[in-house]
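Heavy atoms only: backbone and side chains are in, while hydrogens, waters and symmetry mates are out.
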Amino acid sequence: MRILKVSIVVSVLSFSFSGCTPLKLVNAWVHSKKNFVQCTSDSRILCEPGSEDLAKSIAPILPDAIATVEKAQFAKFTTPILIYTYSSIDSFSKYSGASELASGFVVFGTLNLSPKLLAMPERTKAILVHELSHLDLNLQMGTLTIGRTPVWFVEGLAVWVSNGGGAESVTIDEARDAFEQGKYFEPIDSEWLLFRKSASSYGLKPHMFYRQASMFVGYMHDHDQNSFENMLKTIKAKVPFATAIESSYHESLPSIWQGFLTSGNLKNQQIHS
């Protein structure tokens, strides 16, 4: 019971920036998924009855989505992937603890997908890759460690890896304009579990925050690909983010940030593909 309580508390603190509340998370933990069954040829996908169409839309693109994340994040998934699909937005929120506004959510080492995706088939793969990026970090780092990793990096990486997934309503040009107007986030190199900085901390809408963060993550990759790979592998080994940056890039995060702001990258940057 003590382990259960600790897991719930840590998860609440870590995922609060995603619209998850303590009550929702506890409800998600206690609701059994015994009625979820395999409804496609892919055993990694378990379906709530009524979500067969969603599951069948995911199954054909899942192998390529996984390969995309493994290549971009420099490691194979070493823990079995488990994806739940839901028949309604209400049940998605109830079983995952996520906001009803979310399209997908990673919690307790599982990926949960909302039927909202059925209305946006052109975005489904990007969202799937985005959430698999989160799942990869979650499975390898654990909830406590990822909870101390800056939100801007976790979300920026997922948007960058997914070629824009999660930030679709804001274009790169719109983000550039916001930078020119002085409306942008400033990256931090550590978080405190209770008060994590998200879009509202900088007066930004979530998609603008995600897009700007992804542009900086892209710069970090292009600035020094070997250092980026080493940094990502280092944080997956549960080394604090600030330490991983310093040991990999041999410069501080503020120094890399200033390089991003002054390099002309804001004018020339392309999304990862």
task = State, yes or no, whether a side-chain contact exists between L62 and K125 at a heavy-atom distance under 4.5 Å.
result = no
request  = For this output row, return yes or no: ring centroids of F153 and W257 closer than 6.0 angstrom.
outcome  = no
ask   = Could you go step by step and tell me if S88 and S91 meet the side-chain hydrogen bond (donor to acceptor under 3.5 Å, both in side chains) rule?
value = CA-CA 5 Å; S88 70; S91 61; 3.1 Å; yes
task = Specify whether W160 and H221 have parallel, tilted or perpendicular ring planes, treating 30° as the upper limit for parallel and 60° as the lower limit for perpendicular.
result = tilted
query = Do L54 and V37 share a hydrophobic cluster, counting only Ile, Leu, Val, Met, Phe, Trp and Tyr and linking them when any side-chain heavy atoms are less than 4.5 Å apart?
reply = no
ask   = Do K238 and Q140 have side chains that get closer than 4.5 Å, going by heavy atoms?
value = no
request  = May I ask you to decide if A98's main-chain N or O and S93's side chain share a donor-acceptor pair within less than 3.5 Å?
outcome  = yes
ask   = Are Y210 and I188 connected in the hydrophobic side-chain network, where two residues link if heavy atoms are under 4.5 Å apart?
value = yes
query = Can you find a side-chain donor-acceptor pair between E48 and S87 that sits under 3.5 Å?
reply = yes
Throw together a table of side-chain donor-acceptor distances under 3.5 angstrom for residues 73-81, partners on residues two or more places apart or in other chains.
from : atom 1 : to   : atom 2 : distance (Å)
Q73  : OE1    : S133 : OG     : 2.5
Q73  : NE2    : D136 : OD2    : 2.6

message = Closer than 3.5 angstrom, by distance alone: can the side chain of K116 be matched with the main-chain N or O of L101 as a donor-acceptor pair?
response = yes
query = Could you go step by step and tell me if F185 and F179 meet the ring pair (Phe, Tyr, Trp, His ring centres under 6.0 Å) rule?
reply = CA-CA 9 Å; F185 83 104; F179 272 105; 7.0 Å; no
task = Considering only NZ, NE, NH1 and NH2 on the basic side and carboxylate oxygens on the acidic side, decide whether D173 and R176 come within less than 4.0 Å.
result = yes
ask   = Once the angle between the rings of F216 and W152 is folded into 0 to 90°, is it parallel (under 30°), tilted (30 to 60°) or perpendicular (over 60°)?
value = tilted
Residue pairs, two or more places apart or on separate chains, that pass disulfide (SG to SG under 2.5 Å) and touch residues 40-91 = C39-C47
key: Side chains of N230 and S248, donor plus acceptor under 3.5 Å   = yes
ask   = Quick one: OG on S214 to CD1 on I172, what's the gap to the nearest 0.5 Å?
value = 6.5 Å
ask   = Just wondering, do T85 and L117 contact through their side chains at under 4.5 Å, heavy atoms?
value = no
inquiry  = Please report the interatomic distance CD1(I235) to CD1(I146), rounded to the nearest 0.5 Å.
reply    = 8.0 Å
Cluster overlap M120 with I89, hydrophobic side-chain contacts below 4.5 Å = no
query = Is there a donor-acceptor contact under 3.5 Å from the side chain of Q181 to the main chain of K183?
reply = no
query = Are Y95 and Y84 near enough that their ring centres are under 6.0 Å apart?
reply = no
task = Using atom types as modelled and distance alone, determine if a side-chain donor or acceptor of H134 lies under 3.5 Å from a backbone N or O of V106.
result = no
query = Does a side-chain N-to-carboxylate-O contact under 4.0 Å join K233 and E229?
reply = yes
key: Salt bridge R123-E168, side-chain N to carboxylate O under 4.0 Å   = yes
request  = Could you tell me whether the side chain of E52 and the main chain of G50 form a donor-acceptor pair under 3.5 Å?
outcome  = yes
task = Could you name each residue pair satisfying disulfide (SG to SG under 2.5 Å) that touches residues 200-260, not counting sequence neighbours?
result = none
key: Distance-only side-chain donor-acceptor flag, D53 / S51, under 3.5 Å   = no
Interatomic distance, T234 atom OG1 to I245 atom CD1 [nearest 0.5 angstrom] = 9.5 Å
task = Identify the heavy atoms of V151 and E191 that sit nearest to each other, and give their distance.
result = N-OE2, 3.1 Å
ask   = Tell me, do I45 and I58 make a side-chain contact under 4.5 Å, heavy atoms counted?
value = yes
ask   = What about the rings of Y86 and F105, do their centers lie closer together than 6.0 Å?
value = no
inquiry  = I'd like to know if the side chain of T145 and the backbone of G142 have a donor-acceptor N/O pair within less than 3.5 Å.
reply    = no
inquiry  = Using only atom types and a distance under 3.5 Å, with no angle test, would you say the side chain of Q225 pairs donor to acceptor with the backbone of D222?
reply    = no
ask   = Side-chain donor-acceptor pair under 3.5 Å between E251 and H223, yes or no?
value = yes
key: Any donor-acceptor N/O pair, R196 side chain to T149 backbone, under 3.5 Å   = yes
ask   = Which pair of non-hydrogen atoms, one from R211 and one from G164, has the smallest distance, and what is that distance?
value = NH1-CA, 3.8 Å
ask   = Judged by atom type as modelled, is there a donor-acceptor pair below 3.5 Å linking the side chain of Q212 to the main-chain atoms of L204?
value = no
